[in-house]
> 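Below you'll find the structure I mean.
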There are 2 protein chains.
Amino acid sequence: MSAKKQPARRKQADRREESRERILDAAEELLAGRGYDGVTMREIGKAAGADTSLVHYYFDNKAGLFNAVIARRAGVVNDAREAALDAYAAAHKGNMTAQGVLRAYLEPTFSFMMSGEPGYLNYGALIAKLNSTAMGGDVDTTHTPFDPVVERLVNLLNEVRPEVSRADLYWYYHFVSGAISLSLAQTGRIDVLSGGLCRSDDFATILDRMVRVLGQGFEALAT
Amino acid sequence: MSAKKQPARRKQADRREESRERILDAAEELLAGRGYDGVTMREIGKAAGADTSLVHYYFDNKAGLFNAVIARRAGVVNDAREAALDAYAAAHKGNMTAQGVLRAYLEPTFSFMMSGEPGYLNYGALIAKLNSTAMGGDVDTTHTPFDPVVERLVNLLNEVRPEVSRADLYWYYHFVSGAISLSLAQTGRIDVLSGGLCRSDDFATILDRMVRVLGQGFEALAT
DNA sequence: CAATTTATTTATTGATCGTTGAATAAATAA
DNA sequence: TTATTTATTCAACGATCAATAAATAAATTG
């Protein structure tokens, strides 16, 4: 019998994974709402139906838990972005547009937000908070896994309009990033400002308008 | 002698004002760096060279101090924005452009950031944090004083291109707001991503590129 | 000057923080 | 079954939190 070790540990391994994820889900939701310093380990434990000690057992300390919350989804989102950019580049070799590249970059993110999984909504809000936090703290805000896909985005935009300077390409990404970030934050402020005309959770509309506005805006950088 | 009460209270009133501002400055800097829950009253007091009790004496509690920090500059910035929009509208009656309106709206903010006063840099970073925080907490995140000037901006943009729907005007503001917010945050992330090509504190370049990119982007909404 | 208001410090409260070590229960290994 | 590893809970540590009441110092008033 070759399948001896795998099914043997099944029960306890599942238990472990289930507890870990329950804690991560609770932490994700609470951290999205009130941020790193606004949430206590006790709250997270209680929300997860686990003792505080168990949280420490699985994630060492608060910073470890935070980083685990980010790491759980960062890779998935990042891979989806990279795959979408690759697919677009392969399908439109020679006739790429700024709108096309931008849509390819944005679409995966907004798909996750519209997937119905509340975890991604919380994760988005948490990322938005992280994006307005200066680098170099307790917590890993470097987003190192995101760097290569940003580089890929910039390189594709460079292919679309080679006359745009490298610095301007990064500034352009900066503006795109700001618009994404505020959208993911889902503060409900645009809902109030617009008197209900716009809704923070209308990600389909946000994606469409963002592609149009910022796709068109890219042309302004081509001298 | 008509000038009797005014100079009499001079000494103590100045003392009061000086202490208040010293505390506000310290709080502004610390809050900008680590946010509401990341900073303690003790830290703020120590940074201001005052006892914690004095902070409570002037601002009641932590939330009161936070709101006072925001309120100190919110009105100034807001008035400058409104004046700039009014001046532009008066000077370009009939021949307004999206770029012009946008520049008028953005220019005051970036002027404050470039003024050299570190207080405004901290205030900007604090506002950025606030902008990625959901409404309805301990603290006044409604930004009620900002609402009228946003309305004014939207109305001017409506004059530029009446065919753009009201909802799209607000979405456009949403993207502008996101780009501003990330710029004010000054996280240093664009510096790292661009390998030093861009600098978070280069507000003159940010303003210029933002006006061009988002000014051009507005045209995409005019069907 | 004396009386009073205002600014600031000292000392302390009860609550809550992140974290830990030891005890216990459950599952796996032998 | 017995021994051992793994998961979970219990109880507690010292530190630090926001806030307050009372005492003190300084300035203003009359």
Side-chain angles (χ1 to χ4, degrees), chain A residues 1-27 30-31 33-69 137-140, chain B residues 1-27 30-31 33-69 137-140:
Chain A
M1 300 165 187
S2 57
K4 200 199 289 187
K5 208 161 47 183
Q6 192 71 353
R9 284 242 178 191
R10 208 29 164 325
K11 214 166 181 179
Q12 190 153 145
D14 283 357
R15 217 147 123 79
R16 178 185 183 86
E17 197 58 25
E18 184 195 315
S19 286
R20 270 185 59 102
E21 295 242 336
R22 213 173 53 242
I23 294 170
L24 286 174
D25 286 342
L30 289 169
L31 289 169
R34 299 203 299 279
Y36 184 80
D37 294 304
V39 172
T40 72
M41 296 292 273
R42 284 174 167 82
E43 280 181 285
I44 294 172
K46 173 171 283 189
D51 193 274
T52 317
S53 299
L54 194 63
V55 183
H56 279 94
Y57 174 72
Y58 281 119
F59 303 99
D60 252 40
N61 49 32
K62 197 179 183 182
L65 172 60
F66 184 91
N67 290 329
V69 167
D138 240 19
V139 137
D140 183 28
Chain B
M1 299 160 189
S2 58
K4 200 200 286 185
K5 208 162 45 184
Q6 192 72 353
R9 282 241 180 192
R10 207 31 165 322
K11 215 167 182 180
Q12 191 153 146
D14 284 358
R15 217 150 124 78
R16 179 186 184 86
E17 197 59 23
E18 184 195 316
S19 286
R20 270 184 59 102
E21 295 243 336
R22 214 175 52 243
I23 294 171
L24 286 175
D25 286 342
L30 289 170
L31 289 168
R34 298 203 300 278
Y36 184 80
D37 294 304
V39 172
T40 72
M41 296 291 273
R42 283 174 167 80
E43 281 180 286
I44 294 172
K46 174 170 280 186
D51 193 274
T52 315
S53 299
L54 194 63
V55 183
H56 279 94
Y57 174 73
Y58 280 119
F59 303 98
D60 252 39
N61 50 32
K62 197 179 183 182
L65 172 59
F66 184 91
N67 290 328
V69 167
D138 240 19
V139 138
D140 183 27

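Below, chain A is the first sequence line, B the second, and so on; all start at residue 1.
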> Of all the heavy-atom pairs spanning A:L65 and A:M41, show the shortest one and how long it is.
CD2-SD, 4.3 Å

> Under 4.0 Å: is that the gap between some side-chain N or O of A:R16 and OP1 or OP2 of D:dA7?
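Yes, within the criterion.
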
> Using atom CZ of B:F59 as one end and atom P of D:dT20 as the other, report the distance to the nearest whole Å.
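Taking CZ of B:F59 and P of D:dT20, I get 16 Å after rounding.
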
> In the strands shown, is C:dA30 matched to any nucleotide by a Watson-Crick or G-U wobble pair with both distances under 3.5 Å, and which?
D:dT1

> I need the minimum non-hydrogen distance between A:L31 and A:Y36, along with the two atoms involved.
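Shortest heavy-atom separation between A:L31 and A:Y36 comes out as CD2-CA, 3.7 Å.
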
> Report which part of the nucleic acid A:V39 touches: base, sugar-phosphate, or nothing (heavy-atom distance under 4.0 Å, all strands).
sugar-phosphate

> Rounding to an integer number of Å, can you tell me how far A:L30 CG sits from C:dC17 P?
12 Å

> Which one, D:dA19, C:dT8, C:dT19, comes nearest to the side chain of B:S19?
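Taking heavy atoms from C-beta onward, the closest nucleotide is C:dT8.
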
> Roughly how many Å is it from CD1 in A:I44 to P in C:dT19, rounded to a whole number?
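Roughly 11 Å, once rounded to whole Å.
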
> Whole Å only: how far is the CG atom of A:D14 from the P atom of C:dA26?
18 Å

> Please report the distance, rounded to the nearest Å, between NZ in B:K11 and C1' in D:dA26.
10 Å

> Whole angstrom is fine here: how far is it from CZ in B:R15 over to P in C:dT9?
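Value for this atom pair: 9 Å.
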
> Which pair of heavy atoms, one from A:I44 and one from A:I23, lies closest together, and at what distance?
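That would be CG2-O, 4.2 Å.
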
> Verify the contact: side-chain N or O of B:Y57 to OP1 or OP2 of C:dA7, cut-off strictly under 4.0 Å; return yes or no.
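Checking B:Y57 against C:dA7: at least one side-chain N or O falls below 4.0 Å of OP1 or OP2.
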
> Would you say A:R34's side chain and A:V39's backbone share a donor-acceptor pair under 3.5 angstrom?
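No: the side chain of A:R34 does not pair with the backbone of A:V39.
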
> Atom CD of B:E18 to atom C1' of D:dA26: distance rounded to whole Å?
15 Å

> Report the distance from atom OH of B:Y58 to atom CD of B:E21, rounding to the nearest 0.5 Å.
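Reported to 0.5 Å precision, the distance equals 11.5 Å.
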
> Within this structure, what is the CD-to-P distance between A:Q12 and C:dA27, rounded to whole angstrom?
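To the nearest whole Å, that distance equals 8 Å.
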
> What's the verdict on side chain to side chain contact (heavy atoms under 4.5 Å, CB included) for B:Y57 and B:D51, showing C-alpha distance, side-chain angles and the deciding distance?
CA-CA 10 Å; B:Y57 174 73; B:D51 193 274; over 6 Å; no

> Please find the pair of heavy atoms, one from B:A48 and one from B:R22, that lie closest to each other, and give the distance.
O-NE, 2.8 Å

> Restricting to nitrogen or oxygen on both sides, can you table the protein-nucleotides 10-16 of chain C pairs closer than 3.5 Å?
unit_1	atom_1	unit_2	atom_2	d
C:dT10	O4	B:S53	OG	2.7

